[in-house]
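The next block holds one structure in the form of structure tokens; read it before the comments.
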Amino acid sequence: MTKYLAKIGLEMHCEISKTKSKVFSSAKNSFSGSPNSNVRPVDMAFPGTLPVVNKEAVRLSLMASMILHCTQPEYMYFERKNYYYPDLPKGYQITQNTKPIPVGTDGYVEFEYNGELHKVRINNIHLEEDTASLDHYYSTSNIDYNRAGIPLLELVTEPDLHSADEAVAFLEHMRSIYQYANISDADSKKGQIRCDVNVSIMDASLDENNPDNWGTKVEMKNVNSFGGVRDAINYEINRQIELKETGKYAEMEQQTRRWDEESGTTKFMRSKVDEIDYKYFVEPNIPKFKIDPEWLKEIKNSIPMLALDRKNKYINELGLSNYDATVLVKEKAISDYFEECVNIGIDPKRAANWVTVNIISELNKDSISIDEFYLRPKELKLITDALESNKISSKQAKEIFTKSLEEKKSPQEFINANSQISDTQELTTIIKNILATHQEQIADYHNGHTNLFDYFVGQVMKETKGKANPVMTKEILKQELDK
Ligand code: ADP
Ligand code: MG
């Protein structure tokens with residue numbers, strides 16, 4: 001693709017999942033229950049009901065705005081975006097447009113891609129309400145209003161991305177930010193992340209910083225997975241190149257297309273002329289309110305440690321390798337698990353090793369998240385403690401780990417069953433008893449048959465069913481024989 005340069009801009013929607021209630025009503029911030037079980041009159045737009053702004057949703061959006069280096073407004077405004085659709089009972093969505101100003105404007109994000117730092121400018125980030133969800137059946141559709149009013153953050157990038165993989169790396173970085181800042185679980189499997197993807201191609205020899213050189217933008221609506229984003233971008237770039245190569249590009253108009261997961265193609269939805277006029281105006285039911293600068297400072301100071309900070313801490317303070325630290329911070333839940341291990345006293349390197357090698361492969365094997373993983377840090381500590389105090393060997397530790405997972409039993413049971421005898425007194429008694437019945441062999445040993453030493457070790461192992469600590473056994477045996 002040296003002849004053409006792709007320009008990609010993303011509109012990423014992410015539900016704020018960490019508030020207790022919806023953005024304008026007291027219904028729970030949850031839509032997993034049975035359909036229409038979590039709905040307040042205001043979510044249904046009953047006449048006479050009024051929205052009440054959720055302060056925590058505003059706080060979290062301001063925090064996101066800060067993390068994205070955006071400018072925060074002096075006043076918070078909401079606006080009406082007017083259109084009709086069955087998933088939108090009010091006939092409008094309460095959102096924020098760029099006029100007067102949303103929760104964040106003119107920011108940027110830096111993220112790692114292919115070992116380099118890439119920068120994407122953020123046009124704006126705004127807080128809005130999610131719509132209801134529609135389930136389509138053969139001849140009917142059901143509307144579930146549980147999702148209506150779930151807080152949603154939409155961020156709009158400038159078209160600074162140039163490939164499908166780079167766009168996905170950006171989205172993964174954003175997901176990590178939302179998770180680490182405790183704004184959202186940002187789980188695309190739960191439908192919490194959705195993207196509109198804008199793609200155009202331009203002549204690679206021209207200056208991409210001059211918008212006059214940009215090609216005609218095609219927007220793809222509601223791409224629901226990162227894999228979908230990658231495929232949709234690649235498909236669209238190739239489609240547009242083909243139009244260029246066959247001389248049809250000039251006829252192509254600015255348009256909105258739909259990404260069709262099944263066929264792996266984009267389908268025409270509407271052209272620019274059919275664009276909906278949303279007739280935005282400031283939401284009259286929510287008077288603008290001033291954002292206290294002191295509150296902004298508080299929010300700024302409460303931004304949690306993000307992935308990159310944790311990674312640096314793991315390397316610089318806990319002595320982990322760059323590789324281990326990178327693996328650990330990829331998912332916040334995994335990083336949290338690791339930190340809990342360290343907090344309760346497992347050696348950091350040992351904990352990192354268990355998590356990155358043994359635990360992650362179990363998670364992949366069973367396709368589960370670490371929150372669903374049976375062994376909690378305090379159970380893992382039973383194993384690492386037993387290992388450290390030489391009660392069990394490292395081979396036994398792995399066996400115990402596997403067994404407790406298979407049988408869903410505390411490792412303690414298996415540790416007790418397996419643990420070595422490493423009590424000096426106990427071992428001495430056992431050894432003395434054995435020697436007492438082997439006078440003849442002791443005499444031979446002292447007469448130069450030193451290879452009998454291994455025979456005595458064997459007797460101790462036989463007596464203890466292999467549980468005697470071998471190093472200690474040898475030490476004590478030597479002492480006793482040399483007496
Ligand atoms: P619209 O007026 O159609 O909403 P905007 O200028 O608001 O368009 O941009 C919407 C999104 O499209 C943004 O993410 C922006 O980065 C992206 N975009 C704008 N122009 C282009 C282009 N020529 N190629 C690719 N993406 C673009
Ligand atoms: Mg726009």
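Hydrogens, waters and symmetry mates are skipped; everything else that's a heavy atom, side chains included, is used. Every number for a ligand or one of its atoms is a count from 1 in the order of the listing.
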Which of the ligand 1 atoms, numbered from 1, are nearer than 4.0 Å to a heavy atom of G9: 14 (O), 16 (O), 26 (N)
Nearest neighbour of atom 13 (C) of ligand 1 from the list D160, T256, T157, V199, on a heavy-atom basis: T157
Sub-3.5 Å N/O-N/O distance, T216 and ligand 1: no
S200 N/O under 3.5 Å from ligand 1 N/O: yes
Close-contact set for ligand 1 against G215 heavy atoms, below 4.0 Å: 23 (N)
Atoms in ligand 1 flagged as close to V156, the criterion being non-hydrogen separation under 4.0 Å: 13 (C), 14 (O)
F338 to P348 - nearest heavy-atom pair and separation: CE1-O, 3.5 Å
Note: D185-K18 ion pair, threshold 4.0 Å (strictly below): yes
Residues E15 and R194 bridged, charged N to O under 4.0 Å: yes
In a table with atom names and distances, give each donor-acceptor pair under 3.5 Å that connects a side chain of residues 283-292 to protein atoms at least two apart or in another chain.
| unit_1 | atom_1 | unit_2 | atom_2 | d |
| --- | --- | --- | --- | --- |
| E283 | OE1 | R80 | NE | 2.8 |
| E283 | OE2 | R80 | NH2 | 3.3 |
| E283 | OE2 | N285 | N | 3.0 |
| K290 | NZ | E74 | OE2 | 3.3 |
| D292 | OD1 | E294 | N | 3.0 |

N123, portion touching ligand 1 at heavy-atom distance under 4.0 Å: neither
N/O separation below 3.5 Å, I8 to ligand 1: no
Considering only distance and modelled atom types, tabulate donor-acceptor pairs under 3.5 Å from the side chains of residues 250-259, sequence neighbours left out.
| unit_1 | atom_1 | unit_2 | atom_2 | d |
| --- | --- | --- | --- | --- |
| Q255 | OE1 | R257 | NH1 | 2.7 |
| Q255 | NE2 | E253 | O | 2.9 |
| R257 | NE | T266 | OG1 | 2.9 |
| R257 | NH2 | T266 | O | 3.0 |

Among K217, Q254, E208, E236, closest by any non-hydrogen atom to atom 18 (N) of ligand 1: K217
Ligand 1-proximal atoms of N198, by part, heavy-atom distance under 4.0 Å: both
Whether N38 side chain and K28 backbone form a donor-acceptor pair below 3.5 Å: yes
Donor-acceptor under 3.5 Å (D324 side chain, Y314 main chain): no
